[in-house]
Amino acid sequence: MSEKVVTRFAPSPTGYLHIGGARTALFNWLFARHRKGKFILRIEDTDQRRNTPTATRQVIEDLHWLGIEWDEGPGTEGPNGPYQQSQRKAIYARYIKKLLDEGKAYYCFDSTQELEQLRSRVKAEKKSFIYPRPDKYPSHEEALKKKAEGTGVTVRFALPRKEIIVDDTVRGQIKFGAGEFGDFIIQKSDGFPTYNFACVVDDALMGVSHIIRGQEHLMNTPVQMELWKALFEDIKLPKYAHMSVTISQGGGKLSKRQKPKALLQAIKSNKQIDLVKLAEHCNLTAEALEDFINGQAVPDVPVIDAMAEYLGVHLPEINVIDFLQNGYLPEAMVNFLTLLGWNPGDGREIMSVEELIESFDIERLTKTNSLFDRKKLLSFNTEYIKTISKEKLLEHFKDYIKTINSPVSSDDDELLGTLLEINEGARTLAQIETKCRFLFYENEQIEYQPKAVKKVLLTETGLAMLKLVRDRLAQIQDVTEEKLEAMLRSLAEEKQVGLGKVAQPLRVAITGTTISPPIFNSVKLLGMENVLIRINNTLKKFEKE
RNA sequence: GGCCCCAUCGUCUAGGUAGGUCUAGGACACCGGGUUUUCAACCCGGCAACAGGGGUUCGAAUCCCCUUGGGGCUACCA
């Protein structure tokens, strides 16, 4: 208990940080903070083909947004660097050699096809595949020769043949039979280590004490343990905690595949779509699009997003950045994500980061997989918008309007603060932004929603009422919300109608929609001059019709 | 196919390690009502679960077994 806790988050940079990864990072971070330990960020970029250089930066940005800070990692160098596996090749080579020298690993020359054949044969026998270990290991000279000949050379770990028991914090003791695992590759033919190897070496060298990860890694654990023991006799094995995973509505793990899946569904369910135009719009060849529709290939994320936007399809948010772009607060995300597979046990739900750190422990991790419920997240977000400090909310709002390139752009903190205030009760920052756009448009830029016009303006009283409102507005000196309210109320009373009958035409006239912040605030903020111009524009446009 | 994990309201979960205090609690969603200048927010009320079967026991949501269902892994991906 007294020993120092060291946890890590080790993403492979293949795209944006997704919700599942964020949750794993969060749990590791929370646990480290709770136990006053250390949290390391390590980038697992050993797959030359899949990693993109921008992805690392994006992952880092997403973690920053969530407020997850690491004690060691890229940008925060510590004694255990470098923290990108692609830069640790020499270290891995040393340990590969050590195993080779000790006869605990051996060279292999099989081609992909040969391995595939072996596998399919075993599959036919309904058994699990175990690589047949050679009686005599190839020598170093042989390996060099093969390599020179152009044959791919890999290195396999000679896994001790025995029962392995994993002691998992979440799941208890799990037994794996001696015949379940075979000798696995620890060094690929491109010279890079495989995940299982690099992971063990780094965890040991970096002093990781607790490995908290998704249950998809449970089957990796026994072989990693054996590797660890073969490599580092004197370093104590870490504690493992395999948490439940987050699954999505349609079933299956919440993953990157969700987006293309949703898009594909939308395309297939709508026969009206002009595929030629779609491909053109998204800079996609007709063949590539066809492949996608036939399930042959999946385009890159930006292309997927572009298609969705073009088609007006709402894709499920699965990446952290999606939530930023949809107006969620990081505090709400953190709180919500932590409650997926963990709870404090006393019924509390809305908890600050400080409270989470205070209460979080891996002892209360849930065993069951959980569904990511967007509605509940929304309610958390609403709660946070309501209760977070004004300064923080303003900061988030500015961040938000910047990232989405909103017409609501202003350096005037006071104005933005007012916008937030009059939108009390909003569920997302996106909602606030949409409702306030009208303030930032030119008067002539207003687009009238046909539905709003029909329902509010082109009625028996709509336009006539708007005229009346205009005339009375023009008479008000030194506009205040109170005066506006008094005027509109007395007008409603005079005409024996509800306030809606007078307020709605005005609202549509100045915003083009039926939805806006409270009308008195809206008028005041727009300024009387603009209000009158917009009313006149509206009257001119619709009186003829 | 093989191996592993899991199983409480629609969803997230409390309760399970120490079986009775559980006619199973909370939150979100949903439904009904209220408030209201729009969208929200807000207030009040309601619906709703121990997957099925067998044991053990005076007694089981809780322990054991089977079935079913869900999830994961089964790569020179991580």
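Residue numbering restarts at 1 for every chain, and letters A, B, ... go by the order of the sequence lines.
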(message) Is it the case that atom CD in A/E493 sees more than 12 heavy atoms from other parts of the structure closer than 6.0 Å?
(response) no
(request) Taking atom C1' in both B/C31 and B/G15, compute the distance separating them and give it to the nearest angstrom. (result) 28 Å
(message) Between A/R437 and A/E433 (salt bridge meaning N to carboxylate O under 4.0 Å), is one present in this structure?
(response) yes
(message) With a 3.5 Å cut-off and heavy atoms only, can you find an N or O donor on one side and an acceptor on the other between the side chain of A/R489 and the base of B/U37?
(response) no
(message) Please give the distance between the C1' atoms of B/C63 and B/G19 as a whole number of Å.
(response) 8 Å
May I have the list of side-chain donor-acceptor pairs in residues 170-178 of chain A shorter than 3.5 Å, sequence neighbours left out?
{"from": "A/R171", "atom 1": "NE", "to": "A/H242", "atom 2": "O", "distance (Å)": "3.0"}
{"from": "A/R171", "atom 1": "NH2", "to": "A/H242", "atom 2": "O", "distance (Å)": "3.1"}

(message) Could you tell me the Watson-Crick or G-U partner of B/G1, where both distances fall under 3.5 Å? Say none if there is no partner.
(response) B/U74
(request) With RNA chain B as reference, determine whether A/P11 or A/F520 sits nearer its 5' end, using the nearest nucleotide of each. (result) A/F520
(request) For A/T514 and for A/R427, find the nucleotide of RNA chain B with the closest heavy atom, then tell me which residue's nucleotide is more 5'. (result) A/T514
(request) Looking only at side-chain atoms of A/S379, point me to the closest of B/C76, B/C3, B/A29. (result) B/A29
(message) Of the options B/A27, B/C5, B/U11, whose atoms approach the side-chain atoms of A/D373 most closely?
(response) B/U11
(request) For B/A51 and B/A7, measure between their C1' atoms and round to the nearest Å. (result) 7 Å
(request) Would you state whether a donor and an acceptor, one from the side chain of A/S189 and one from the base of B/C76, lie under 3.5 Å apart? (result) yes
(request) For B/G16 versus B/C50, give the span between their C1' atoms, rounded off to a whole number of Å. (result) 11 Å
(request) State which of B/U38, B/A78, B/A14 makes the closest approach to the side chain of A/R507. (result) B/U38
(request) Write down the distance separating the P atoms in B/A24 and B/C65, rounded off to the nearest Å. (result) 28 Å
(request) Report, as yes or no, whether the 6.0 Å neighbourhood of atom CD on A/E149 holds more than 12 heavy atoms from other residues, nucleotides or ligands. (result) yes
(message) Looking only at the side chains, is there a donor atom on one of A/R364 and A/N343 sitting less than 3.5 Å from an acceptor on the other?
(response) yes
(message) Counting distance alone, no hydrogens or angles: does the base of B/G71 have a donor or acceptor under 3.5 Å from a partner atom on the side chain of A/E216?
(response) no
(message) Checking contacts here: which listed nucleotide (B/C4, B/C6, B/G71) is nearest the side-chain heavy atoms of A/T368?
(response) B/C6
(message) Check this for me: does the side-chain of A/K367 come within 3.5 Å of the base of B/A7 through a donor and an acceptor?
(response) no
(request) Using the C1' atom on both, measure B/C64 against B/C28 and round to a whole Å. (result) 36 Å
